[in-house]
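The basis for the numbers below is simple: all heavy atoms, side chains too, and nothing from hydrogens, waters or symmetry mates. In the text below, chain A, chain B and the rest are named by the order of the sequence lines, each starting its count at 1.
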There are 2 protein chains.
Amino acid sequence: MARTPTTHDPFNAIAEPKRRELLELLSMQELSVNEIVARLGWTQPMVSKHLGVLKQVGLVSERRDGRQRFYRTNAEQLKPIYDWVAPFERYWNERFDRLDDILEQLKKQNKE
Amino acid sequence: MARTPTTHDPFNAIAEPKRRELLELLSMQELSVNEIVARLGWTQPMVSKHLGVLKQVGLVSERRDGRQRFYRTNAEQLKPIYDWVAPFERYWNERFDRLDDILEQLKKQNKE
DNA sequence: TTATTATATTCCTATATTGGAATATGTCAA
DNA sequence: TTGACATATTCCAATATAGGAATATAATAA
């Protein structure tokens, strides 16, 4: 009876804008925590905590090397979101306008 | 210092699976609250509350007629989500494999 | 071993949440 | 006006959250 945890699935994880920013950054390149801190200007614990959430839902993967940990985006985990939202594209993309017209005509023909 | 409200933006609004289900249902057709209750089998207050969240972020629109209220999905508000997630498609869609190869070659050529 | 560096975790507070039950509001009909 | 119907809102509980500060853990170097 509470909001679903952010660590439960990608939809909840990416609701936080900072985590979306992290995913964008780490899709270009693998970075260590301190490099992320330097680039984004957040506090180190803040970076670690958001990375922790993303790791739990599999949206980033971790590689350890000495005392450093390198993270990178695991984009495949975003597919469920894409798959859910993509079918709605037709509603704002004019590319589907002609198809809509055709479907309308078919409907009319069926009624006759 | 708390999680962003569900009514703040589409990303937070659709993190809840029941609201995604509502959006799918109401994209096919306009429905009254009671019709939604009948189709989904949820309690009436639950339906009204979720519709309230979706309405606040503009994801559904409302039409009043007598004592009934008809809702339908306003898909354009999903565009920010699509726009954010679509660039990641390349990471799981094999259609981009050849493009990746070409980019790799260009990188190599640049180094020379 | 001790100090230093890199990262993660804990403790705290303020704030929202979801769902259920009960109730309120609004609209129409008799 | 009164009753019935359609929908929204309030009150409650349990639970998580994000961020800040402080601290813990782990790995390396001196």
Side-chain angles (χ1 to χ4, degrees), chain A residues 1-23 25-26 29-73, chain B residues 1-23 25-26 29-73:
Chain A
M1 309 163 183
R3 205 163 163 187
T4 303
T6 56
T7 51
H8 184 263
D9 59 60
F11 286 95
N12 281 280
I14 69 146
E16 164 63 48
K18 288 203 166 61
R19 285 193 286 268
R20 293 201 295 278
E21 203 175 339
L22 268 177
L23 289 175
L25 178 64
L26 297 175
Q29 63 220 294
E30 185 190 62
L31 289 175
S32 74
V33 174
N34 263 356
E35 286 169 336
I36 299 169
V37 167
R39 296 218 187 196
L40 300 181
W42 308 347
T43 67
Q44 178 268 310
M46 196 161 130
V47 170
S48 281
K49 279 188 240 176
H50 283 305
L51 285 172
V53 172
L54 292 174
K55 202 175 70 178
Q56 276 198 63
V57 288
L59 277 166
V60 297
S61 56
E62 185 200 65
R63 179 175 68 82
R64 303 188 185 198
D65 182 13
R67 41 189 154 184
Q68 298 192 335
R69 302 200 187 183
F70 293 89
Y71 290 89
R72 65 180 169 78
T73 297
Chain B
M1 311 162 183
R3 205 163 162 187
T4 303
T6 55
T7 51
H8 184 262
D9 61 59
F11 285 96
N12 282 282
I14 68 146
E16 165 63 48
K18 286 203 169 61
R19 285 194 286 268
R20 292 200 297 278
E21 204 175 337
L22 267 178
L23 290 174
L25 178 63
L26 298 174
Q29 62 221 293
E30 186 190 61
L31 288 176
S32 74
V33 175
N34 263 357
E35 285 168 336
I36 299 170
V37 167
R39 296 218 188 195
L40 299 181
W42 308 346
T43 68
Q44 178 268 310
M46 195 160 131
V47 170
S48 281
K49 278 187 241 177
H50 282 304
L51 284 172
V53 172
L54 292 174
K55 200 175 71 177
Q56 276 198 62
V57 291
L59 278 166
V60 298
S61 56
E62 184 200 65
R63 179 175 68 82
R64 303 189 186 197
D65 182 13
R67 41 189 155 184
Q68 299 192 335
R69 302 200 187 182
F70 294 89
Y71 289 89
R72 65 181 169 79
T73 296

Checklist entry - Mapping B:Val33 and A:Thr4 to their closest nucleotides on DNA chain D, which lands nearer the 5' end? => result B:Val33
Item to check | Interatomic distance, B:Leu51 CG vs D:dT7 C1' [rounded to whole Å] | outcome: 10 Å
Next on the checklist: Determine whether a donor-acceptor pair (N or O, by modelled atom type, separation under 3.5 Å) exists between the side chain of A:Arg20 and the backbone of A:Ile14.
Outcome noted: yes
Next on the checklist: Whether B:Ser48 contacts D:dT7 is assessed here as follows: a side-chain N or O lying under 4.0 Å from the phosphate OP1 or OP2. Is that the case?
Outcome noted: no
Checklist entry - With side chains defined as the heavy atoms from C-beta onward, is the minimum distance between A:Asn12 and A:Val57 less than 4.5 Å? => result no
Next on the checklist: Given the structure, check if the side chain of B:Gln44 and the base of D:dA8 hold any donor-acceptor pair shorter than 3.5 Å.
Outcome noted: yes
Next on the checklist: Quick check for you: among C:dA8, C:dG19, D:dA14, whose closest atom lies nearest to any side-chain atom of A:Ala2?
Outcome noted: D:dA14
Checklist outcome for this item: Out of D:dT17, C:dT18, D:dT7, minimum distance to the side chain of A:Thr6 belongs to D:dT17
Next on the checklist: How many whole angstroms separate atom NE2 of B:His8 from atom C1' of D:dT17?
Outcome noted: 15 Å
Checklist entry - A:Trp42 CH2 to D:dG20 P: how many Å, rounded? => result 12 Å
Checklist entry - How close or far is atom P of C:dT18 from atom CZ of B:Arg3, stated in whole angstroms? => result 9 Å
Item to check | d(CG, B:Leu31; P, D:dT7) in whole Å | outcome: 11 Å
Next on the checklist: Between A:Leu22 and A:Leu59, is the side-chain contact (heavy atoms from CB on, under 4.5 Å) condition met? List the steps.
Outcome noted: CA-CA 10 Å; A:Leu22 268 177; A:Leu59 277 166; over 6 Å; no
Checklist entry - Just checking B:Tyr71: base, sugar-phosphate only, or nothing, at a heavy-atom cut-off of under 4.0 Å? => result sugar-phosphate
Checklist entry - Which nucleotide, C:dT18, C:dA22, C:dA14, lies nearest any side-chain atom of B:Met1? => result C:dA14
Next on the checklist: Can you tell me which nucleotide in C:dT10, D:dA8, C:dA8 comes closest to the side chain of A:Lys49?
Outcome noted: C:dT10
Next on the checklist: By the 4.0 Å heavy-atom rule, please label B:Ser32 as base, sugar-phosphate, or nothing.
Outcome noted: sugar-phosphate
Next on the checklist: With each end axis built from five pairs of C1' atoms, what bend angle do you get for the helix from C:dT1-D:dA30 to C:dT17-D:dA14? Round to 10°.
Outcome noted: 40°
Checklist entry - Would B:Lys49 and B:Thr43 satisfy side-chain contact (heavy atoms from CB on, under 4.5 Å), going step by step from the backbone distance to the final call? => result CA-CA 10 Å; B:Lys49 278 187 241 177; B:Thr43 68; over 6 Å; no
Item to check | Closest heavy-atom pair and its distance - A:Trp42, A:Val37 | outcome: O-CG1, 3.4 Å
Next on the checklist: From CE of A:Met46 over to P of D:dA22, roughly how many Å is that when rounded to an integer?
Outcome noted: 17 Å
Using nucleotides 26-30 of chain C, report all nitrogen or oxygen pairs with the protein that are shorter than 3.5 Å.
{"residue": "C:dT27", "atom": "O2", "partner": "B:Arg67", "partner atom": "NH1", "Å": "3.3"}

Next on the checklist: Counting C-beta onward and ignoring hydrogens, is there a side-chain heavy-atom pair between B:Val47 and B:Leu40 closer than 4.5 Å?
Outcome noted: no
Item to check | Donor-acceptor pair (no angle test) under 3.5 Å: A:Lys18 side chain, D:dG19 base | outcome: no
Checklist outcome for this item: Correct closest heavy-atom pair for B:Ala15 and A:Phe11 would be CB-O, 3.9 Å
Checklist outcome for this item: Separation of C:dA6 atom P from A:Glu35 atom CD, nearest Å, is 11 Å
Next on the checklist: A side-chain contact here means heavy atoms from C-beta on lying under 4.5 Å apart; do A:Arg69 and A:Leu51 qualify?
Outcome noted: no
Checklist entry - Between B:His50 and C:dG19, does any side-chain N or O lie under 4.0 Å from OP1 or OP2? => result yes
Item to check | Option from A:Glu35, A:Lys55, A:Glu30, A:Arg63 for which side chain to side chain contact (heavy atoms under 4.5 Å, CB included) with A:Tyr71 holds | outcome: A:Lys55
Checklist entry - Quick one: is D:dT7 close enough that its OP1 or OP2 comes under 4.0 Å of any side-chain N or O from B:Asn34? => result yes
Checklist entry - How far apart are the closest heavy atoms of A:Thr4 and B:Glu16, and which atoms are they? => result OG1-OE1, 4.5 Å
Checklist outcome for this item: Of the candidates D:dA16, C:dT18, C:dG20, the side chain of B:Thr43 sits closest to C:dG20
Next on the checklist: If I take atom CG in residue A:Leu40 and atom C1' in nucleotide D:dG19, what distance separates them, rounded to the nearest angstrom?
Outcome noted: 16 Å
Checklist entry - With side chains defined as the heavy atoms from C-beta onward, is the minimum distance between A:Val60 and A:Leu23 less than 4.5 Å? => result yes
Checklist entry - Any idea which of D:dA8, D:dA18, D:dT7 is nearest the A:Glu16 side chain? => result D:dA18
